[in-house]
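See below for the structure under consideration.
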Amino acid sequence: MQNYNEFLAETLIDEEKLQSRVKEMGAEISADYDDGNLLLICILRGGVPFLVDLSRHITSPHMMDFMAVSSYGIGRRESSGTVRVSLDLQTDIHEKDVLLVEDIVDSGRTISSVLEMLKLRQPRSLKLCALLDKPERREAEVEIHYRGFSIPNKFVFGYGLDLDEYYRNLRFVGVVDLDKYKPPS
Ligand code: IMP
Ligand code: MG
């Protein structure tokens, strides 16, 4: 695998900016949910670093659970909107205050089908928290209740976001130079 320096076009959001924004979001969520009924749902795998950092800044008692969905793509970097649950929750969300934690809302197709599906399970409330938002790419309407950063239409990686499953561990969000990136063979 390449070192990311070989294809990093620019650092879009550095570690300091990410961490201070995540801290602010945690404070906002703590103020809004204060009765111990909060359940954070993280969509695997991209939401993991964000969920971990965010939950440490949420002072109200809360639970967490995980789910994995796969969308059948049109191309390698596109999602189709046909979402299949590949790992379901272990928690009954009925009457819970559910906050869905996502890395990025791009076309919005993935998250809108997940929201629709969760709504059928009758949670007390259902909201969306997304670290990144690419509004130019939106195709399905989604309300983002807690938004970290609005970003331009560029393919990004790091802090949960992958390039062919690598680089999720990086502490910053960077833009890929797709001419220089070589996918694993
Ligand atoms: P959507 O259904 O088009 O909103 O797709 C959202 C999913 O696509 C995210 O959860 C990411 O896994 C992935 N994705 C979208 N944009 C990017 C990107 O710029 N870098 C890495 N993954 C992305
Ligand atoms: Mg994702």
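Counting starts at 1 for both ligands and their atoms, in listed order.
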Within a distance under 4.0 Å of any heavy atom of [X], pick out the atoms of ligand 1 and give their elements.
X	value
Glu102	10 (O)
Ser107	1 (P), 2 (O), 3 (O), 4 (O)
Lys134	16 (N), 17 (C), 18 (C), 19 (O)
Asp106	1 (P), 3 (O), 4 (O), 5 (O), 15 (C), 16 (N)
Arg109	2 (O), 4 (O)

What do you reckon, does Phe155 put a non-hydrogen atom under 4.0 Å from ligand 1?
yes

When you measure from the side chain of [X] to the backbone N and O of [Y], does any donor-acceptor pair fall under 3.5 Å?
X	Y	result
His94	Asp92	no
His145	Leu128	yes
Asn153	Glu136	no

Name the residue from Val173, Ile151, Leu131 that meets the side chain to side chain contact (heavy atoms under 4.5 Å, CB included) definition with Ile104.
Ile151

Would Arg124 and Asp35 count as a salt bridge (Lys or Arg N to Asp or Glu O under 4.0 Å) if you check the C-alpha gap in whole Å, the side-chain angles of each, and the deciding distance to 0.1 Å?
CA-CA 13 Å; Arg124 184 163 84 177; Asp35 64 358; 2.8 Å; yes

For ligand 1, which part of Asp103 has a heavy atom less than 4.0 Å away: the side chain, the backbone, both, or neither?
side chain

Test of understanding: given a 4.0 Å heavy-atom threshold, classify the contact between Arg137 and ligand 1 as side chain, backbone, both, or neither.
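Neither part.
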
Any N or O on [X] sitting closer than 3.5 Å to an N or O of ligand 1?
X	value
Asp162	no
Val156	yes
Gly108	yes

Quick one: ring pair (Phe, Tyr, Trp, His ring centres under 6.0 Å) pairs with a partner in residues 3-54, sequence neighbours left out?
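Every pair satisfying ring pair (Phe, Tyr, Trp, His ring centres under 6.0 Å) with a residue in residues 3-54: Tyr4-Phe172, Phe7-Phe157, Phe7-Tyr167, Phe7-Tyr181.
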
Do the side chains of Asp103 and Arg168 get close enough for a salt bridge, i.e. N-O under 4.0 angstrom?
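Salt bridge flag = no for Arg168 with Asp103.
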
Please list all pairs passing the side-chain hydrogen bond (donor to acceptor under 3.5 Å, both in side chains) test where one or both residues lie in residues 170-179, with sequence neighbours left out.
Glu15-Arg171

